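Hydrogens, waters and symmetry mates play no part in the numbers below; they use all other heavy atoms, side chains included. Counting from 1, the numbers follow the sequence of the chain as shown. The model shown is predicted, which means the values in this text are computed figures rather than measured ones.
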Amino acid sequence: MKITDIRATTVAVPLEAPLLHSNGAHWGRFVRTIVEVEADNGLVGLGEMGGGGQSAEDAFRALAPYLEGHDPFELEALRFKIANPTASLYNNRTQMLAAIEFACIDLVGKHLGVPAHDLLGGRVRDSVPFASYLFYRYPGADGRTPEVRTPEQLVAHARDLKERHGFAVHKLKGGVFPPAYELECYRALAEAFPDDRLRYDPNAVLSLDEGLRFAKAIEHLNNDYLEDPVWGLEGLRLVRERVTTPLATNTVVVNFEQLATNVLHRSADVVLLDTTFWGGIRACVKAAGICDTFQLGVSVHSSGELGIQLATMLHLGAVLPNLTYAADAHYHHLAGDVIEGGPFQYADGRIAVPSGPGLGVTLDRDKVAEYAELYRELGDYPYDRDPGRPGWYPLVPNERWADPAAPLTAL
């Protein structure tokens, strides 16, 4: 089996409502690039990458000479062909490698008639648990999805997700409002769901003082972990030395060199592995093995996935014995998807691991065409800006908080 062609299509898939985070917002849609790698036996493997547009499509097209004639089984050679560590100093291709690796694993699985998790060591669980991913948000354009700004609205949102999907772990994406206000919101979640687990992630925008203050204030709650309260491995280490709640990161342990540093000088207790950030599923499996050796916790990070990348997260979660924390997913905020059969479904806070060959998902060509046209209509959006606060941008550590007293008006 040899690769003959690669195609990339950028899509914009609507969200139920625009989601706020410490750096800005998701402006009511996720922009993703769907990658198709075709082989000489007629099979097509699927991949996915965040962001997109003409530049991403051109970049994937430019990799065709690297890929033509390559055997999809040869994944180590693929890594050096595309993301040689020294050459990558000049052309950062890690996320492109990930999308192509997804597609090659999909091709190999389809060729052999086995699911991806069988190629990764075999599954140890049939379904993967997920946390509710709670965001402060603007009202939805449909007029039916309400804003989330107050503690009462946040609890109502979490209760709705719990009733619909069965979540027993709740993660609050913070860093939007003043820390004291978000602490009030987090405590409201703890009071409303005393038997459920909690996480808080302000995306590293708190000062050391505020990070310690927040961490100390939640120590008695039913926490999984506190994720990236401050920026940097050294900042995390300083917080970790003073609190009992485990610390987690997805921002400063995203490659093996950083993982080695965290092993030698422990700053984070839990590493959130991302199949895109790490350059593929296989890299995450390797990293999880190191975490297992050195007693680091492991979870799965979400970078705004559609069904293709969610499938990679499910296959990863299926094969990791040391996945002791529920995975993250933005997935339940989507209003659609590009895969046949519609979005994956949650049951009791879990999603079943696909059992079909390869990644186990198939493109819905009509949906791809619909969302590609929506992308052409709406275009990109700046992830690091908030459409409701023109001219605003965050500092790290931040002091430019949104006003919690001001309703989040519809966009």
*asked:* Asp196 vs Lys162, test: salt bridge (charged side-chain N to carboxylate O under 4.0 Å, His left out). Steps then yes/no.
replied: CA-CA 10 Å; Asp196 291 355; Lys162 183 177 177 69; 2.9 Å; yes
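- Salt bridge annotation for Glu241-Arg237: present, with a cationic side-chain nitrogen under 4.0 angstrom from a carboxylate oxygen.
- More than 12 non-hydrogen atoms from other residues, nucleotides or ligands lie less than 6.0 angstrom from CZ of Arg400.
- Between Arg282 and Glu76, at least one side-chain N (NZ, or NE/NH1/NH2) sits under 4.0 Å from a carboxylate O, which counts as a salt bridge.
- If you run side chain to side chain contact (heavy atoms under 4.5 Å, CB included) between Met1 and each of His70, Lys110, His111, only His111 comes through.
- Paired with Asp106 under the rule side chain to side chain contact (heavy atoms under 4.5 Å, CB included), one option of Leu43, Leu359, Val361 passes, and it is Leu359.
- A side-chain donor-acceptor contact under 3.5 Å links Arg125 to the backbone of Gly317.
- Judged by distance alone, the side chains of His26 and Tyr381 do bring a donor and an acceptor atom under 3.5 Å apart.
- Annotation: Tyr133 is not in aromatic contact with His333 [ring centroid separation under 6.0 Å not met].
- Remark: side-chain polar atoms of Tyr138 are paired, donor with acceptor, to backbone N or O of Gly388 under 3.5 angstrom.
- Contact annotation: the side chain of Val353 never approaches that of Asp126 to less than 4.5 Å [non-hydrogen atoms, C-beta and beyond].
- With 3.5 Å as the limit, one finds no donor-acceptor pair spanning the side chains of Glu57 and Thr9.
- Applying the ring-ring contact (aromatic ring centres under 6.0 Å, His included) test to residues at least two apart or on different chains, the pairs with a partner in residues 189-213 are His170-Phe193, Tyr186-Tyr200, Tyr200-Phe214.
- For the pair Arg93 and Tyr66, the cation sits on the ring face: its NZ or CZ lies under 6.0 Å from the ring centre, inside 45° of the axis.
- Distance alone, capped at 3.5 Å, is enough to place a donor-acceptor pair between the Glu48 side chain and the Leu306 backbone.
- Leu272 and Asp328 get closest at one heavy-atom pair: CD2-OD2, 3.4 Å.
- Counted by atom type alone, Thr86 and Asn84 present one or more donor-acceptor pairs between their side chains at under 3.5 Å.
- Looking only at atom types and distance, the side chain of Asp142 has a donor-acceptor partner in the side chain of Thr145 under 3.5 Å away.
- Taking CZ of Phe344 as the start and CD of Glu305 as the end, the distance is 10.5 Å to the nearest 0.5 Å.
- With 3.5 Å as the limit, one finds a donor-acceptor pair spanning the side chains of Thr275 and Gln309.
- Taking the six-membered ring for Trp and the full ring otherwise, the centers of His21 and Tyr383 sit less than 6.0 Å from each other.
- Taken to the nearest 0.5 Å, the CG atom of Asp269 stands 9.5 Å off from the CG atom of Leu236.
- Using a cutoff of 4.0 Å between basic side-chain nitrogens and carboxylate oxygens, Lys367 and Asp337 are not scored as salt-bridged.
- One distance of note links NE2 of His157 with OG of Ser132; it measures 7.5 Å at 0.5 Å rounding.
- Classification of Arg137 and Glu147 as a salt-bridged pair fails, no side-chain N sitting under 4.0 Å from a carboxylate O.
- Atom CG in Leu233 sits 8.0 Å away from atom OG1 in Thr251 (nearest 0.5 Å).
- Just one of Lys171, Arg197, Arg199 meets the side-chain hydrogen bond (donor to acceptor under 3.5 Å, both in side chains) condition when paired with Tyr225; it is Arg199.
- For Phe167, the ring-ring contact (aromatic ring centres under 6.0 Å, His included) criterion is met by His165, His332, Tyr346, not counting sequence neighbours.
- In this structure, Arg149 forms no cation-pi arrangement with Phe177, as its terminal cationic atom is not both closer than 6.0 Å to the ring centre and no more than 45° off the ring axis.
- Heavy-atom neighbours of Asp58 CG from other residues, nucleotides or ligands within 6.0 Å: above the threshold of 12.
- The aromatic rings of Phe277 and His301 sit tilted relative to each other, their planes meeting at an angle between 30° and 60°.
- Thr33 places a side-chain heavy atom less than 4.5 Å from the side chain of Phe60.
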*Step by step, would you call Thr244 with Glu219 a side-chain hydrogen bond (donor to acceptor under 3.5 Å, both in side chains)?*
CA-CA 7 Å; Thr244 59; Glu219 280 186 309; 3.0 Å; yes
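- At least one donor-acceptor pair closer than 3.5 Å links the side chain of Gln345 to the backbone N or O of Pro343.
- Just one of Thr293, Leu296, Val298 meets the side chain to side chain contact (heavy atoms under 4.5 Å, CB included) condition when paired with Asn322; it is Val298.
- Ring centroids of Tyr181 and Trp401 are separated by 6.0 Å or more, keeping the two rings apart.
- You'll find the side chain of Ile6 reaches within 4.5 Å of the side chain of Ile100, heavy atoms only.
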